[in-house]
Amino acid sequence: MHVLALAALLLGLHGDPARFQNQTGQQTQIVHTFLSFVQTSSLAKVAANSGPVAMLALNTGAYGSSETATPRGIALGQNDAFLIRLNGVVNDFQGARFYVRPFPEMNAWWESNCAYTRNGAPRGGAYTTAWNRKALARIAVLLRGGVQADVNARLAKLGLPGIHQDLAITTPKLRIVWNPQGFGAPDVPGNSAQAYYPGDAYVDVVGDDLYDIRGHGATWTAAENLYTAHPGKPFAFPEWGLWGFDDPTFVRDMAKWVRTHRRMEFIAYFAGKPGSVFDLATKPASRAAYRALITPLG
C-alpha cells in the first residue's frame with residue numbers, strides 16, 4: 001500500500017527512482033510512465049509499480065511510433081475500453097493522488113495527435129484542434145466517473161456519444177494534467193497551446209515541458225505565459241531536464257521559479273535511461289545544484 005503525506009510541492013521522475021536518489025538525494029514521490037491506448041491489460045501492473053503517486057502520460061503515438069488512437073476516435077468512444085479500464089485502475093490505486101496526462105506536448109508535430117505537420121500545414125480530418133479538445137474532455141469525463149446517467153449527460157453537453165455502464169468516482173484522487181508545449185511546434189497561430197485547451201471543467205493542473213537545450217536555452221517566457229493564462233489552475237513541469245550538457249544555472253532557475261510561483265503543484269525531472277542525454281551522471285555541477293536546491297523543495 002502506498003502511503004503519502006502530500007507536500008506543498010511534489011517531486012517526480014521519469015527514470016529509476018533509486019538511481020536518482022543516489023545521484024541527488026531525492027525521495028521521488030511521482031513516478032512518471034508513458035502508455036499507449038492499446039496497453040489496457042498492463043494498466044494495473046504499471047500503476048502498482050508507480051508511486052507513491054502515479055503519473056501516466058497517454059500517447060497516441062510519438063516520434064514515428066505506431067499510432068494507437070486518433071483524437072476523433074477517442075472523442076467518439078472508440079477507445080472507451082481503455083478509458084473504462086483506467087478508471088477502475090485509478091479507483092483501485094491505494095495512493096492519495098493519481099495524475100493522468102493525456103496527449104503530452106499535444107501541439108508538437110512529433111506527437112501523432114498534433115493538428116499540424118512539421119511544415120505548418122493543418123493535418124485536418126481526425127486531428128483538428130477541435131477533435132483534440134473533445135478527446136481531452138471525454139478522457140476527463142470517463143476517468144472521473146459517475147453513474148451512467150450523469151456521465152452521459154456530461155458527454156451529451158459535448159455532443160459526444162454516451163457509455164453503457166456506471167463508472168467509479170475517482171475524484172479527488174485523480175488529477176488531469178493538460179500539458180502542451182508553451183510554444184507550438186510548428187509555432188503557427190492555429191497550433192498555439194490555447195488552441196488545444198478543452199476548458200476549465202476538464203483540467204485540474206496546467207503543465208509545460210521545459211528543457212535546457214544548448215544554443216536555445218529554456219523557454220521560460222512561454223512557461224510564464226501559460227502560467228499567467230490560467231490563474232485559477234495549479235501549475236506543473238511534468239517534464240524538465242538538461243539536454244546533453246551540464247548547466248547548473250538551469251537548475252537554479254527552476255528552483256527560483258518554484259519559490260516565486262505560488263501555484264506550483266509538482267515538477268518531474270526527465271532523467272530517461274542511464275546514458276541518455278538527460279542523465280545527471282555526466283553532469284556533476286547540475287547534479288550538485290539539484291541536490292542542494294531542488295531536493296529540499298519536496
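- Side-chain rings of H14 and F34 approach one another, their centers coming within less than 6.0 Å.
- Sorted by first and then second residue, the side chain to side chain donor-acceptor pair (under 3.5 Å) pairs with a member in residues 69-91 read D80-R138; sequence neighbours excluded.
- Across all their heavy atoms, G125 and W131 have their closest contact at O-CD1, 3.3 Å.
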query = Can D208 and E224 be said to form a side-chain contact (heavy atoms from CB on, under 4.5 Å), step by step?
reply = CA-CA 10 Å; D208 182 29; E224 188 71 48; over 6 Å; no
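- Annotation: the span from T33 atom OG1 to L56 atom CG amounts to 6.0 Å, rounded to 0.5 Å.
- One distance of note links CZ of F37 with CG of L86; it measures 9.0 Å at 0.5 Å rounding.
- The closest side-chain heavy-atom distance from Y202 to V141 is below 4.5 Å.
- At distances below 3.5 Å, at least one donor-acceptor pair connects side-chain atoms of D166 with backbone N or O atoms of Q148.
- Around the CZ atom of R263, the shell of radius 6.0 Å holds more than 12 heavy atoms that belong to other residues, nucleotides or ligands.
- Of all heavy-atom pairs spanning E265 and P234, the tightest one is OE1-CB, 3.2 Å.
- Around NE2 of H164, the count of heavy atoms belonging to other residues, nucleotides or ligands within 6.0 Å does not exceed 12.
- With hydrogens and angles left out, the side-chain atoms of E111 and N59 include a donor and acceptor closer than 3.5 Å.
- Closest approach of S112 to T60, counting heavy atoms only: OG-OG1, 2.7 Å.
- Side-chain atoms of T128 never come within 3.5 Å of backbone atoms of G124 as a donor-acceptor pair (strictly under, hydrogens ignored).
- A side-chain donor-acceptor contact under 3.5 Å links N191 to the backbone of N107.
- Of the inter-residue distances, the one linking I294 atom CD1 with R287 atom CZ reads 15.0 Å to the nearest 0.5 angstrom.
- By the ring-ring contact (aromatic ring centres under 6.0 Å, His included) test, Y211 pairs with W243, F278, sequence neighbours left out.
- In this structure, the ring of Y197 has its center less than 6.0 angstrom from the ring center of W178.
- Annotation for P161 and A75: closest pair CD-O, 4.1 Å, computed over non-hydrogen atoms.
- One side chain, Q26 or Y290, offers a donor N or O that lies under 3.5 Å from an acceptor on the other.
- Annotation: side chain of R123 is not in contact with side chain of Y116 (no heavy-atom distance under 4.5 Å).
- Between Y99 and V90, the closest side-chain pair of non-hydrogen atoms is not below 4.5 Å.
- Between the side chain of T117 and the backbone N or O of A121 there is at least one donor-acceptor pair closer than 3.5 Å.
- Annotation: side chain of L11 is not in contact with side chain of I30 (no heavy-atom distance under 4.5 Å).
- By the criterion of side-chain heavy atoms lying less than 4.5 angstrom apart, applied directly or through intervening Ile, Leu, Val, Met, Phe, Trp or Tyr residues, V203 is grouped together with L160 in one hydrophobic cluster.
- Residues S36 and F82 come closest through the heavy atom pair O-CE1, 3.4 Å.
- Of the possible donor and acceptor atoms, one in the side chain of D16 sits under 3.5 Å from a partner among the backbone N and O of A18.
- Ring geometry, W257 versus H261: the interplanar angle falls under 30°, so the pair is classed parallel (tilted spans 30 to 60°).
- The minimum heavy-atom distance linking L143 with V100 is given by the pair CD1-CG1, 3.7 Å.
- Contact annotation: the side chain of I84 approaches that of Q165 to within less than 4.5 Å [non-hydrogen atoms, C-beta and beyond].
- Contact of the E105 side chain with the N179 side chain is not registered, since no non-hydrogen atoms from C-beta on lie closer than 4.5 Å.
- Proximity of a side-chain donor or acceptor of D246 to a complementary backbone N or O of S286 within less than 3.5 Å is detected.
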inquiry  = Evaluate R97 against Q29 for side-chain contact (heavy atoms from CB on, under 4.5 Å), listing each step before the verdict.
reply    = CA-CA 10 Å; R97 190 170 292 178; Q29 295 160 301; over 6 Å; no
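- Under a 3.5 Å cut-off, the side chain of Q94 and the backbone N or O of D92 do form a donor-acceptor pair.
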task = Output, in order, the C-alpha distance, side-chain angles, deciding distance and verdict of side-chain contact (heavy atoms from CB on, under 4.5 Å) for T249 and R252.
result = CA-CA 5 Å; T249 298; R252 288 194 289 269; 3.2 Å; yes
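- Although no hydrogens or angles enter the test, the distance criterion places a donor-acceptor pair under 3.5 Å between the side chain of N152 and the main chain of I163.
- Distance OG1/T171 to CD1/I176: 10.5 Å, rounded to 0.5 Å.
- The same ILVMFWY cluster, assembled from side-chain heavy atoms under 4.5 Å apart, contains both Y269 and L9.
- The structure places CG of L13 at 13.0 Å from CD of Q27, a figure rounded to the nearest 0.5 Å.
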key: Test log, rule ring-ring contact (aromatic ring centres under 6.0 Å, His included), inputs F270 and W240   = CA-CA 6 Å; F270 197 95; W240 71 285; over 10 Å; no
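- Residues that satisfy the salt bridge (Lys or Arg N to Asp or Glu O under 4.0 Å) test with D253, not counting sequence neighbours, are absent from this structure.
- Residues F266 and V177 are in side-chain contact: their nearest non-hydrogen atoms beyond the backbone lie under 4.5 Å apart.
- In this structure, L142 is a member of the same hydrophobic cluster as L43, with clusters built from ILVMFWY side-chain heavy atoms closer than 4.5 Å.
- Atom-to-atom distance recorded for M55:CE and R101:CZ is 6.0 Å, nearest 0.5 angstrom.
- Linking ILVMFWY residues whenever their side-chain heavy atoms come closer than 4.5 Å, directly or via other members, leaves I169 and F98 in distinct clusters.
- Taking 4.5 Å as the limit, every side-chain heavy atom of D279 sits out of range of all side-chain heavy atoms of F20.
- Using a distance-only test at 3.5 Å, with no hydrogens or angles considered, no donor-acceptor pair links the side chain of K283 to the main chain of D247.
- W109 and F103 fall into different hydrophobic clusters, where Ile, Leu, Val, Met, Phe, Trp and Tyr side chains are chained together by heavy-atom contacts under 4.5 Å.
- S276 places a side-chain N or O within donor-acceptor distance of the main-chain N or O of A271, the cut-off being under 3.5 Å.
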